[in-house]
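Here the structure comes first, spelled out in structure tokens, and everything after it is commentary.
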Amino acid sequence: MNTYRGNGRGKGGRITTARKIKRKRNRKKKQFFASNPYIKWGLMILAVLTIVLAVRGVTSPGSMYVDVDASEPDIDVQLLDVNPYSRPGIESDGITGIVIHYTANPGSTAQDNRDYFNGLQYSQETSASSNFVVGLDGEIIQCVPTWEVAYASNDRNYDTVSIEVCHPDESGKFTDKTYRSLVQLTAWLCVKFDLSADDVIRHYDVTGKNCPKYFVENEEAWAAFKENVSLAITSEN
């Protein structure tokens, strides 16, 4: 059997050389971290934080981060006709809060809901409206001026701006485009009226009604939404 392995340039020689290089690199790494312990601890902390944030993103429903500011979004102004059932034309008492609602009508669009509000002057079946409606594709329609009362939040109609939000299915969860527009619109209104994310509430917080459904049934999603609004407000300032 030929046991000759050459002079280090053959296959066996390359493996030996590679191992030596790898060992040398490992020694240098150990020496580097030994002389720079803060870097080692910093990398360990960064790794732990990465894992925690990844787990939180998976386990917390609706806890997505959206990179928006509090600038004025694109708004399609389609004011309702002044009438006793959806736009009474009454001036508000001054805005101290923003109220979030959901349409409870899966698949309906912002235009559908705006037209429904306007049609109440004819059907007279109920009194209902909202200052804004955010649609499935993120479109925003304004139905009632922010300085006027909308019939949306019961006892808080006179000192709040209401946002009605469309949703694709019975879960009440908003699409990504809807969510993004809702964050920006809410943050813009907060800046406009010198409010903070703490002044943003749900219809549920006024009457106990399951509205907006997804934010009532998933408290972590609601907390994440308010955090997104707060970050958007901060980025504007």
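Worth saying up front: this structure is predicted, and the values here are computed from it rather than measured.
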Find out if a path of hydrophobic residues (ILVMFWY) with successive side-chain heavy-atom gaps under 4.5 Å connects [X] to [Y].
{"X": "Ile95", "Y": "Val144", "value": "no"}
{"X": "Ile141", "Y": "Val183", "value": "no"}
{"X": "Tyr214", "Y": "Val66", "value": "yes"}
{"X": "Leu195", "Y": "Val68", "value": "yes"}
{"X": "Val165", "Y": "Tyr204", "value": "no"}

Gap separating the [atom1] atom of [X] from the [atom2] atom of [Y], nearest 0.5 angstrom:
{"X": "Asp176", "Y": "Asp137", "atom1": "CG", "atom2": "CG", "answer": "11.5 Å"}
{"X": "Asn113", "Y": "Asn118", "atom1": "CG", "atom2": "CG", "answer": "12.5 Å"}
{"X": "Thr160", "Y": "Asp155", "atom1": "OG1", "atom2": "CG", "answer": "10.5 Å"}
{"X": "Glu139", "Y": "Asp74", "atom1": "CD", "atom2": "CG", "answer": "11.5 Å"}
{"X": "Glu148", "Y": "Cys143", "atom1": "CD", "atom2": "SG", "answer": "12.0 Å"}
{"X": "Thr103", "Y": "Lys213", "atom1": "OG1", "atom2": "NZ", "answer": "11.5 Å"}

Backbone N or O of [Y] within a donor-acceptor pair of the [X] side chain at under 3.5 Å?
{"X": "Arg202", "Y": "Asn210", "result": "no"}
{"X": "Thr178", "Y": "Gly135", "result": "yes"}
{"X": "Asp159", "Y": "Thr96", "result": "no"}
{"X": "Asn83", "Y": "Asp81", "result": "yes"}
{"X": "Thr234", "Y": "Ser230", "result": "yes"}

* **Inter- and intrachain pairs under side-chain hydrogen bond (donor to acceptor under 3.5 Å, both in side chains), touching residues 184-194, at least two apart** => Ser71-Gln184
Counting C-beta onward and ignoring hydrogens, is there a side-chain heavy-atom pair between [X] and [Y] closer than 4.5 Å?
{"X": "Ile201", "Y": "Arg156", "answer": "yes"}
{"X": "Leu136", "Y": "Pro168", "answer": "yes"}
{"X": "Ile75", "Y": "Phe132", "answer": "yes"}
{"X": "Gln142", "Y": "Leu79", "answer": "yes"}
{"X": "Ser92", "Y": "Tyr158", "answer": "no"}
{"X": "Thr109", "Y": "Asp112", "answer": "yes"}
{"X": "Thr126", "Y": "Leu120", "answer": "yes"}

Are there more than 12 heavy atoms of other residues, nucleotides or ligands under 6.0 Å from atom [atom1] of [X]?
{"X": "Asp169", "atom1": "CG", "answer": "yes"}
{"X": "Tyr151", "atom1": "OH", "answer": "yes"}
{"X": "Glu91", "atom1": "CD", "answer": "no"}
{"X": "Glu125", "atom1": "CD", "answer": "yes"}

* Asked: Does Arg114 have any side chain to side chain donor-acceptor pair (under 3.5 Å) partners at least two apart in sequence or in another chain, and if so, which?
  -> none
Shortest non-hydrogen contact from [X] to [Y]?
{"X": "Ala197", "Y": "Ile233", "result": "N-CD1, 4.1 Å"}
{"X": "Trp222", "Y": "Val200", "result": "CZ2-O, 3.5 Å"}
{"X": "Ala232", "Y": "Ala187", "result": "CB-CB, 3.6 Å"}

* **Sole candidate of Ser129, Pro145, Ser130 that passes side chain to side chain contact (heavy atoms under 4.5 Å, CB included) when paired with Leu80** => Ser129
* **side chain to side chain contact (heavy atoms under 4.5 Å, CB included), paired with Ile100, selected from Ile163, Val134, Val229** => Ile163
* Asked: How would you list all residue pairs meeting ring-ring contact (aromatic ring centres under 6.0 Å, His included) that involve residues 92-120, not counting sequence neighbours?
  -> His101-His203, Tyr102-His167
* Among Phe215, Phe174, Tyr65, find the residue that satisfies the ring pair (Phe, Tyr, Trp, His ring centres under 6.0 Å) test when tested with Phe225. => Phe215
